[in-house]
2 protein chains.
Amino acid sequence: MHDRDELISELGEIFRENGFAGTSLSEITARTGLGKGSLYHFFPNGKSEMAEAVLHNIDAWFQENVFIPLRESDDALDGIDDMFAAVNAYFDSGNRICLVGAFALDNTRDQFLQEVSTYFSDWISALANALKRSGFAAAVAKSMAEEIVLGIQGALVLARSQEDPKIFTRTLKRLQQRIAATDHA
Amino acid sequence: MHDRDELISELGEIFRENGFAGTSLSEITARTGLGKGSLYHFFPNGKSEMAEAVLHNIDAWFQENVFIPLRESDDALDGIDDMFAAVNAYFDSGNRICLVGAFALDNTRDQFLQEVSTYFSDWISALANALKRSGFAAAVAKSMAEEIVLGIQGALVLARSQEDPKIFTRTLKRLQQRIAATDHA
DNA sequence: GTCTATAAAGCGATAGAC
DNA sequence: GTCTATCGCTTTATAGAC
């Protein structure tokens, strides 16, 4: 581990693979090469604080690479295209799950309720904003945004269940095409 | 606990709330009222065998209430309507998650790969079969079935993240309406 | 900042009485 | 079939040397 950002990034991968409850300090020491002393030096509150840091990093990444472009791109449709490209890269073409979605499903959610909740609500509202700017009525935009974000989450679940990441990539394509195919009146 | 079926049902709820790794024997004894001796009498292989039993029960329920009706209903569209009603009831109008989907996301999947994989592939193929019988071309039916199953999973994730089960119910409605709105040519 | 050693608690699992 | 007691191990977390 060279710096804190790289450490947090690796912590994210460990949580993705094992879940929050399924991740042990001993696995973290093995994967990061850092002893418990070092880990508690960086994160005095232990595993919870590590997960908080990971969630914060995820939020920062999506703010920078997805939410702000969606809200501020000159051409709203370009911003949406960029979102699909960024999401495809982030989830490694269907080979990487969404940690926030995984946390949402069991009682891990309650420990990180704020982060879990705003991750998705920020995403949906930024996407709805772009859809609205591209010509959709507000209600239609909101509904489409919800459908797209939820479709991405479902595709990640299904892709992993079938060990077939292509389910994810073709879902992204379908969602993207539906925007183009829907009447912009 | 009165009988084995009721016990397995309660085990399912415990796994839903805590995840597989997050569920401890002591929580199970507390919730079921059964001591460890009794639990190991019913499930000599411990927690893994309990989860196997839960997954088997889930599969049996879906076979009986969803997959077989989809394949064998006289009117294919009636079978699909019944699926949406059964799914809405099963997931308690968005208040209950899909345990199989949750298992799929982390490495719990690898321990129950067969059950996780066939649950979704059976569902999609049964639904695609019904859609085909209702007049859709085979490729369209397969794509729609995948979209619907994945939409259900995504809606459960999003509903829990927002503590808003209505996200699930309105997603079901949207998916159901899209079938009716799509050309049955 | 990183390590080793260790504490205290909880874990899954087993044994054996009843 | 259910219980209590217990084993051996792993867990999170802390203390303290370097």
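Basis for what follows: all heavy atoms, side chains included, without hydrogens, waters or symmetry-related copies. Throughout, protein chains are lettered first and strands after them, A, B, ... in sequence-line order, and every chain is numbered starting at 1.
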What is the separation between atom [atom1] on [X] and atom [atom2] on [N], rounded to the nearest whole Å?
X	N	atom1	atom2	value
B:F42	C:dT14	CZ	C1'	18 Å
A:L39	D:dT14	CG	P	13 Å
A:E49	D:dA13	CD	P	11 Å
A:L34	C:dT4	CG	P	12 Å
B:H41	D:dT4	NE2	C1'	17 Å

Around [X], counting heavy atoms of other residues, nucleotides and ligands shown, do more than 12 lie under 6.0 Å from its [atom1]?
X	atom1	answer
B:K47	NZ	yes
A:D3	CG	yes
B:E64	CD	no

With the criterion being N/O to N/O and under 3.5 Å, what pairs connect the protein with nucleotides 16-18 of chain C, and how long is each?
none

Let me confirm one number: the [atom1]-[atom2] distance from [X] to [Y], rounded to the nearest 0.5 Å.
X	Y	atom1	atom2	value
B:W123	B:I148	CH2	CD1	10.0 Å
B:F20	B:Q111	CZ	CD	4.5 Å
B:I80	B:S73	CD1	OG	7.5 Å

- Item | Salt-bridge contact A:R178-B:E147 (side-chain N to carboxylate O under 4.0 Å) |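 A salt bridge is present here (some side-chain N lies under 4.0 Å from a carboxylate O).
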- In plain terms, say whether B:E13 and B:R31 are close enough for a salt bridge, that is, a side-chain N and a carboxylate O under 4.0 Å apart.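 B:R31 and B:E13: not salt-bridged.
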- Would you please test B:F84 and B:L175 for side-chain contact (heavy atoms from CB on, under 4.5 Å) and show each step? CA-CA 9 Å; B:F84 280 106; B:L175 293 169; 4.1 Å; yes
- DNA chain C contacts made by residues 5-22 of chain A, counting heavy atoms under 4.0 Å: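 Contacts with DNA chain C under 4.0 Å: none.
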- Hey, are the side chains of B:E10 and B:I28 touching, using non-hydrogen atoms and a 4.5 Å cut-off?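 No; the side chains remain at least 4.5 Å from each other.
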Short heteroatom pairs, N/O only, protein and nucleotides 9-11 of chain D, under 3.5 Å:
unit_1 : atom_1 : unit_2 : atom_2 : d
D:dT11 : OP1    : A:S24  : OG     : 3.3
D:dT11 : OP2    : A:S26  : OG     : 2.9

- Message: Please determine whether side-chain contact (heavy atoms from CB on, under 4.5 Å) holds for the pair B:R160 and B:V157, giving the CA-CA distance in whole Å, both sets of side-chain angles, and the decisive distance to 0.1 Å.
- Response: CA-CA 5 Å; B:R160 245 193 86 83; B:V157 171; over 6 Å; no
- Where the side chain of A:Y40 is defined as all heavy atoms beyond and including C-beta, which of D:dA13, D:dG1, C:dT2 is the nearest nucleotide?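 Looking only at side-chain atoms, A:Y40 lies closest to D:dA13.
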